[in-house]
Every structure is written in structure tokens, then in C-alpha cells.
Trainee: 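Just passing along the structure, written as C-alpha cells.
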Amino acid sequence: MTANISISQHPIIKQKVSQLRNVKNTPREVRELIDSISRLMMYDVTMDIDLAPVGTEQSPVGAYTEMRVATKVALVPVLRSGLAMLNAASDLLHDAEIRHLGLFREETTLQPVEYYNKLPRVCGVDECVVLDPMIATGGTAEAAVQILQHWGVEKIKFVCICASKQGIESLAAKYPDVQFFVAVIDEVLDKRGFVSPGIGDCGDRLNNTA
């Protein structure tokens, strides 16, 4: 794996991914597991953000310098399944901008189709954190990265729960300046573009539309 792929080694994340794979899960269970995994992953995602002093405050026993996040971050959930990761990310980065991208994979060609993009004309953030539970062929992820690069953001982090080995390695090689955070990488990507064992179609599992 290349240096810009970070694979979680946390045992609780591994346990929860194993639970998420189960086809018997209800939509509520899928939502709760994705949210929980995302919260744990965000610890590593936010390790390098900058802090700045904002003034002097008083604790019960003395004065201290209050610190706050200085990095301007935009959270970018890829609709629709990326929304399941948003609460976890925004609870940590509660001052972050939230910018949605609507992308889906056309079933026959497996190519990404953009249907929603309301990014402002001028980029006003230091970094974007893209949220999408799955990277399969990598087409949708690549489209999201290209949109944000064209917007002008200098730093992009891509957070996903499950990725195919083929998809994420191709993306990481093509976009060495993007940092990819993933909970698990699966070896098999079939001709239909499905990852095995994978976590299924997250949009359908989350919304009970399978």
C-alpha cells in the first residue's frame, strides 16, 4: 500500500465492520454501525488539523489558554450514503462547512453521474473531508476528488469504511496528494462492480430500499 492510504488497525473498528457486513442487519442497525465506525475513524482523520489560541480563560484553579480548531474544514458527504457518516464528523468538527455532492454509479457502464453540486464559486476552506462508506471501482470517488480539486481546495481527505483493493490502490496512485482513510480493504471486485464480501449497497441498506 502507498503512503497515502491509512488502514485502521483499531480492534473495535474491525469488530464493528464485521457486524456491519451481516445481511441480517436492519436499516437502523446499519445506520448505527456506520455512525459508530465513522466516529472512531474521525480520530485519525483529524490528527493533523491546526489549533490556535483564542484567549485566556479560568479553570476552577487557575488561568489557561483556550484552544480552538484553526483549520477551515468542509465536510463533503457523497449523496446519499455519505450522509450516514456526517453526524459523526460534524460532532467533532462542529464549525465545519457542510457541502454535499450528488453522485451515483450508472449500473451498466459503472461510470459516475453527477446530479447535485452547489459548491460556491470561490473555495474558502483549507481542506475537504469527503465522506462515502464505499469505494468499489473508484469512479465515484475519483469524480468527487476531481470536482473538489477543480474547486480549488488544497487538501483532500477521503474517508470510507470499505474499499476494494483495486479501486483504492488505483485512486491512491493517481492522486498522491489525497489521503485515504479506510476501515477495511477487500480483495474481490467482480465484473458487476461489487466488492466481496463488502458491506453491500449502503444506500439501499440505510434507507430500506433494496
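These values consider heavy atoms only, across backbone and side chains, with no hydrogens, waters or symmetry-generated copies.
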Trainee: Using side-chain heavy atoms (C-beta onward) and a distance below 4.5 Å, is Glu127 in contact with Val129?
Mentor: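 A side-chain contact under 4.5 Å exists here.
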
Trainee: Is the shortest side-chain heavy-atom distance between Cys162 and Val182 below 4.5 Å?
Mentor: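 In short, these two side chains do not touch, never coming nearer than 4.5 Å.
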
Trainee: Got a donor-acceptor contact below 3.5 angstrom from the Trp151 side chain to the Pro120 backbone?
Mentor: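 Pair found, side chain donor or acceptor close to backbone of Pro120.
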
Trainee: Which distance, rounded to the nearest 0.5 Å, do you find between the SG of Cys128 and the CD1 of Ile147?
Mentor: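 If I round to the nearest 0.5 Å, the distance is 11.0 Å.
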
Trainee: Please give the remaining members of the hydrophobic cluster of Val54, linking ILVMFWY side chains under 4.5 Å, ordered by chain and number.
Mentor: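 So far as hydrophobic clustering goes, Val54 is joined with none.
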
Trainee: Each residue besides Tyr43 in its hydrophobic cluster should be listed here, by chain and number; the cluster joins Ile, Leu, Val, Met, Phe, Trp and Tyr at side-chain heavy-atom distances under 4.5 Å.
Mentor: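 Tyr43 shares its hydrophobic cluster with Met47.
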
Trainee: Below 4.0 angstrom, N of the basic side chain to O of the carboxylate: do Lys157 and Asp44 qualify?
Mentor: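 Looking at Lys157 and Asp44, the cut-off is not met.
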
Trainee: Hey, are Arg31 and Asp35 close enough for a salt bridge, meaning a charged N less than 4.0 Å from a carboxylate O?
Mentor: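 No, Arg31 and Asp35 are not salt-bridged.
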
Trainee: Verify, without hydrogens or angle tests, whether Ser36 (side chain) and Glu32 (backbone) share a donor-acceptor contact under 3.5 angstrom.
Mentor: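 Not a single qualifying donor-acceptor pair exists.
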
Trainee: Tell me whether Ser59 contacts the main-chain N or O of Val61 through its side chain, where contact means a donor paired with an acceptor under 3.5 Å.
Mentor: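 Judged by distance alone, yes, a pair lies under 3.5 Å.
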
Trainee: Between Asp91 and Arg39, is the closest basic N to carboxylate O distance under 4.0 Å?
Mentor: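 Salt bridge present between Arg39 and Asp91.
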
Trainee: Checking the side chain of Ser18 only, and the main-chain atoms of Lys14 only, is there a donor and an acceptor separated by less than 3.5 Å?
Mentor: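 Not a single qualifying donor-acceptor pair exists.
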
Trainee: Please lay out, stage by stage, how Tyr64 and Gln58 fare under the test side-chain hydrogen bond (donor to acceptor under 3.5 Å, both in side chains).
Mentor: CA-CA 6 Å; Tyr64 72 96; Gln58 190 74 25; over 6 Å; no

Trainee: Do Ile135 and Thr140 come within less than 4.5 Å of each other through their side chains, counting heavy atoms only?
Mentor: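 Answer no - side chains too far apart.
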
Trainee: Do Arg205 and Leu20 touch side chain to side chain, with heavy atoms closer than 4.5 Å?
Mentor: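 Yes. Closest side-chain heavy atoms under 4.5 Å.
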
Trainee: Without hydrogens or angle criteria, can the side chains of Gln149 and Tyr175 be said to hold a donor-acceptor pair below 3.5 Å?
Mentor: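 Side-chain D/A pair, Gln149 to Tyr175: absent.
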
Trainee: Between Ser170 (side chain) and Gln166 (backbone), is there a donor-acceptor pair under 3.5 Å?
Mentor: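 Pair absent, no side-chain N/O of Ser170 close to backbone of Gln166.
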
Trainee: Name each donor-acceptor pair under 3.5 Å that joins a side chain in residues 70-84 to protein atoms two or more places apart or in another chain, with its distance.
Mentor:
unit_1: Thr71; atom_1: OG1; unit_2: Asp50; atom_2: N; d: 2.8
unit_1: Arg80; atom_1: NH2; unit_2: Asp204; atom_2: OD1; d: 2.8
unit_1: Arg80; atom_1: NH2; unit_2: Thr209; atom_2: OG1; d: 3.4

Trainee: Would you say the side chain of Met85 lies within less than 4.5 Å of the side chain of Pro133, judging by non-hydrogen atoms?
Mentor: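 Yes, side chains in contact.
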
Trainee: Report yes or no: does Glu29 contribute a side-chain atom to a donor-acceptor pair with the main-chain N or O of Thr26 at less than 3.5 Å?
Mentor: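 At least one qualifying donor-acceptor pair exists.
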
Trainee: Kindly say whether Ala136 contributes a backbone atom to a donor-acceptor pair with the side chain of Ser164 at under 3.5 angstrom?
Mentor: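 Between the backbone of Ala136 and the side chain of Ser164 there is a qualifying donor-acceptor contact (under 3.5 Å).
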
Trainee: Would you check, one step at a time, whether the test side-chain hydrogen bond (donor to acceptor under 3.5 Å, both in side chains) holds for Gln19 with Asn22?
Mentor: CA-CA 6 Å; Gln19 294 169 333; Asn22 195 323; over 6 Å; no

Trainee: Parallel, tilted or perpendicular, judged at 30° and 60°: which one describes the rings of Tyr116 and His100?
Mentor: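 Judged by the thresholds at 30° and 60°, the geometry between Tyr116 and His100 is perpendicular.
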
